[in-house]
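Single-structure report; data block below.
Quick caveat: nothing in here was measured; it's all calculated off a predicted structure. Atom set for the values below is all heavy atoms of this structure, side chains included, hydrogens, waters and symmetry mates excluded.
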Amino acid sequence: MELAIKGEETIEASADDLWIALNDPDVLTRCVPGCKAMTETGPDAYKMDMELKVAAVRGSFTGDIALSDKVVPQSCNVTVSGSGSLGTGTGKARFELVPVDATTTRLIYEGEGEVGGLVAGVGQRVLKSVSK
């Protein structure tokens, strides 16, 4: 099952402060839905432990996340891969920071991913029932 995300948020923080936060594993752990822990494994590389719930199905995942092509403090690419009791998943995304003023920044993000296994089957049924 393919997934896509795209959007933007205006955040009350300077581009420099937001950049620091988006590169901090403790902050990312709180921002990534279902993420329970993130451990640095190398420069811009992390191991993640996640717990996800899709409809009535719950499972745990372990995976890797890597940051690349950084242009400080403007943009960065993110790649994610993982597997667990509900299936597998991979994804890539890019975020850009656009200063609005000295204390406000627009975060623009776009990404795509693919999930397989039980989570994909359950997710497709949930999406079909919601779209009817």
Side-chain angles (χ1 to χ4, degrees):
M1 181 172 122
E2 293 183 18
L3 307 167
I5 60 169
K6 183 177 182 177
E8 62 180 66
E9 302 291 331
T10 301
I11 299 172
E12 295 295 323
S14 70
D16 289 331
D17 288 345
L18 186 54
W19 179 267
I20 291 167
L22 289 171
N23 284 273
D24 180 333
D26 291 331
V27 172
L28 289 175
T29 298
R30 294 191 310 264
C31 294
V32 175
C35 188
K36 298 298 179 193
M38 190 175 296
T39 307
E40 188 171 15
T41 58
D44 295 326
Y46 306 91
K47 177 71 73 183
M48 288 191 307
D49 293 316
M50 300 180 72
E51 188 172 304
L52 299 176
K53 182 178 178 189
V54 178
V57 179
R58 180 184 303 260
S60 59
F61 288 84
T62 58
D64 299 297
I65 184 169
L67 309 176
S68 63
D69 301 322
K70 290 181 170 184
V71 179
V72 180
Q74 298 172 320
S75 61
C76 182
N77 291 333
V78 180
T79 56
V80 179
S81 64
S83 62
S85 59
L86 295 180
T88 62
T90 60
K92 61 182 179 178
R94 178 169 180 80
F95 69 80
E96 295 182 38
L97 303 180
V98 179
V100 174
D101 58 36
T103 61
T104 308
T105 305
R106 185 173 299 117
L107 169 65
I108 302 168
Y109 57 90
E110 185 170 2
E112 57 189 36
E114 191 166 337
V115 293
L118 181 60
V119 70
V122 171
Q124 283 181 335
R125 287 193 296 278
V126 169
L127 291 174
K128 285 180 183 176
S129 68
V130 170
S131 64
K132 289 182 179 180

For residues 61-86, which residue pairs pass the salt bridge (Lys or Arg N to Asp or Glu O under 4.0 Å) check, not counting sequence neighbours? Asp44-Lys70, Lys47-Asp64
Establish whether Tyr109 and Trp19 are linked, either directly or via other cluster members, by ILVMFWY side-chain heavy-atom contacts under 4.5 Å. yes
Can you tell me how far CG of Leu67 sits from CG of Leu28, rounded to the nearest 0.5 angstrom? 7.0 Å
So which heavy atom on Ser83 is nearest to which on Thr88, and how close? CB-CG2, 3.9 Å
According to salt bridge (Lys or Arg N to Asp or Glu O under 4.0 Å), does anything in residues 76-89 pair up with another residue at least two apart or in another chain? List the pairs. none
Could you pull out all residues at least two apart from Ile65 that satisfy side chain to side chain contact (heavy atoms under 4.5 Å, CB included)? Met38, Tyr46, Met48, Val78, Val80
Linked, directly or transitively: Val98 and Phe95 (ILVMFWY side chains, under 4.5 Å): no
Quick one: do Val100 and Ile11 end up in the same hydrophobic cluster if we chain Ile, Leu, Val, Met, Phe, Trp and Tyr together by side-chain heavy atoms under 4.5 Å apart? no
Assigning hydrophobic clusters by single linkage (Ile, Leu, Val, Met, Phe, Trp, Tyr; side-chain heavy-atom cutoff under 4.5 Å), is Ile20 placed with Ile108? no
Side chain to side chain contact (heavy atoms under 4.5 Å, CB included) partners for Thr39, two or more places apart: none
Taking atom SG of Cys76 and atom CD of Glu96, what is their separation to the nearest 0.5 Å? 11.0 Å
Contact between Asn23 and Val72 at the side-chain level, heavy atoms closer than 4.5 Å - yes or no? no
Between Phe61 and Ile5, is there a shared hydrophobic cluster once you connect ILVMFWY residues whose side-chain heavy atoms come closer than 4.5 Å? yes
Test: salt bridge (Lys or Arg N to Asp or Glu O under 4.0 Å). Region: residues 97-117. Which pairs qualify, not counting sequence neighbours? Glu8-Arg106, Lys92-Glu112
So, does Thr105 use its side chain to make a donor-acceptor pair with the main chain of Ala13 at under 3.5 Å? yes
Compare every heavy atom of Ala102 with every heavy atom of Ser14, then report the nearest pair and how far apart it is. CB-O, 3.3 Å
Among pairs that include at least one residue of residues 17-41, which meet salt bridge (Lys or Arg N to Asp or Glu O under 4.0 Å), considering only residues two or more places apart or in two chains? none
Value for CG (Leu97) from OG (Ser75), rounded to nearest 0.5 Å, stands at 8.0 Å
